[in-house]
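Here is the structure we will look at.
Here, residue 1 is the first one in the sequence, and each next residue gets the next number. Ligands are counted one by one from 1 in listed order, and the atoms in each one are counted from 1 as well.
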Amino acid sequence: MGRDTGKKGQKMAAEYLRDRFKDIGVPPLSRAGVDGGYFQAYELIESRKGSIAVRSRNHELRWPQEILYFSEHMTEGLVLDWLIPLKATKPLDSILVARAGVVIDARNLELGPSGFRGLSEPLERAKSAGYKAVFIILQEEAKQQMDGLVHADGTSMRLPSPEDGAQARNGATQVFYLTANGLSKLAGRRGTRLLLKPKARRVKAGISIEVTSREKRIQAENVLAYIEGSDLREEVVVVTAHYDHIGVENGVVYNGADDDGSGTVALLEIAQAFTAAKSVGRGPRRSILVMPVSGEEKGLLGSRYYSDNPVFPLEQTVSNLNIDMIGRVDSAHSASPPYVYIIGSDRLSSDLHAVNEAANSAHTRIVLDYTFNAEDDPNRFYYRSDHYNFARKGVPSIFFFSGVHEDYHQPGDDVEKIRFDLLESRARLVFHTAWLLANRNERIRTDKPIR
Ligand SMILES: [Zn+2]
């Protein structure tokens with residue numbers, strides 16, 4: 001079912017992973033923050049877009065065709081009795097501010113790459129004056145250009161934050177974009193008079209704004225397989241991959257075999273290898289936390305939650321090895337020997353970089369491609385998968401990756417296209433690197449600043 005975070009598919013995948021870890025012989029974990037078994041549950045807020053209805057007495061403007069907005073700041077409805085043009089004249093009294101919407105005529109402004117030139121100043125002025133609603137009037141053409149930025153039936157997710165208090169958000173100004181035609185639907189001829197006569201002080205309007213509940217609290221899980229080490233067990237090496245994907249869209253299941261089914265099954269193999277070693281008395285000295293995380297596709301949320309609420313102290317976390325898509329071949333390597341992209345290995349720790357290279361030359365001998373490790377690489381992959389939530393806290397991290405391909409985030413990311421021979425050798429490299437990190441005498445040093 002595409003393993004969409006917080007949805008049935010993700011829950012099924014979490015249960016599957018838990019059952020596999022049990023079968024492998026990983027014991028349940030009893031530690032604060034874990035449910036006594038294998039799950040670290042965390043809360044998310046799912047927001048639905050298009051939750052603000054704007055209407056005049058006899059017409060409701062349709063979102064996003066007739067009225068467009070992006071971030072939705074309003075949590076409560078309100079009635080606007082007045083529309084005013086934003087001028088530098090003396091400010092209105094607070095009662096009027098609370099009942100007035102500001103109209104900014106942006107029809108002559110040029111749409112640049114970062115918005116309309118010349119709009120930010122009046123917008124800031126309206127915000128600091130305390131207006132709750134600003135209506136920005138666009139040319140039809142500009143409005144159409146902006147329509148392309150909206151995904152009409154989209155939802156988004158985030159972790160709860162202290163700013164979630166309704167008070168904080170009610171203080172914000174809601175910005176609406178519409179055309180002159182839209183404005184006349186909303187406020188009749190009086191509304192368009194504001195555009196014709198910018199010296200008009202204010203016009204009467206009867207606009208009601210309603211907000212339907214758009215937020216749902218949902219729960220998601222990270223799955224934790226903890227293999228306790230021996231003499232250095234207080235230190236832990238964390239191995240991650242995200243097991244969520246993008247779910248079902250328009251009835252089509254997005255299987256995400258490479259993204260990140262490949263990394264997830266690699267984690268099962270790695271957990272099994274460490275457990276097997278331990279069961280014959282040859283287990284790792286440091287502890288290993290194999291952790292399939294969720295919420296990655298929604299903004300690296302599961303790993304962010306873990307790194308903010310770590311089950312094992314981050315100061316004792318030696319490294320994070322993160323796998324995200326290691327089952328395919330990208331166009332740059334169609335004729336290449338077996339390879340993997342290594343991203344981040346030297347960003348915080350020269351030792352980590354050396355250990356990974358040593359593991360490869362001793363065991364896997366695949367091509368380590370550092371293309372995406374360049375600090376000025378425009379793809380910025382270093383910031384785009386779960387390891388970054390560890391790196392931002394100073395934990396040396398590597399992102400193992402085989403590159404994007406034509407099925408990336410498409411329904412065709414299916415298991416038939418996985419190159420299992422390559423998936424195996426890449427997974428072995430991650431295992432051997434984790435093994436060396438867990439067993440060397442000295443913990444790897446961090447010798448570079450966080451960036
Ligand atoms: Zn991914």
Considering only NZ, NE, NH1 and NH2 on the basic side and carboxylate oxygens on the acidic side, decide whether Arg392 and Asp308 come within less than 4.0 Å.
-> yes
Given the side-chain rings of Tyr388 and Tyr382, with only the six-membered ring counted for Trp, is the space between their centroids under 6.0 Å?
-> yes
Sorted by chain and number, sequence neighbours left out, side chain to side chain contact (heavy atoms under 4.5 Å, CB included) with Asp19 holds for Lys22
Test side chain to side chain contact (heavy atoms under 4.5 Å, CB included) applied to Val395 and Leu348, Ile450, Thr317, the passing residue = Thr317
Going by chain and residue number, what protein N/O/S atoms come nearer than 2.8 Å to the Zn ion (ligand 1)?
-> His242 NE2, Asp259 OD1, Asp324 OD1, Asp324 OD2
Which of Thr240, Val238, Leu437 passes side chain to side chain contact (heavy atoms under 4.5 Å, CB included) with Leu321? It is Leu437
Is it the case that Arg426 places NZ or CZ above or below the six-membered ring of Phe400, under 6.0 angstrom from the centre and within 45 degrees of the axis?
-> no
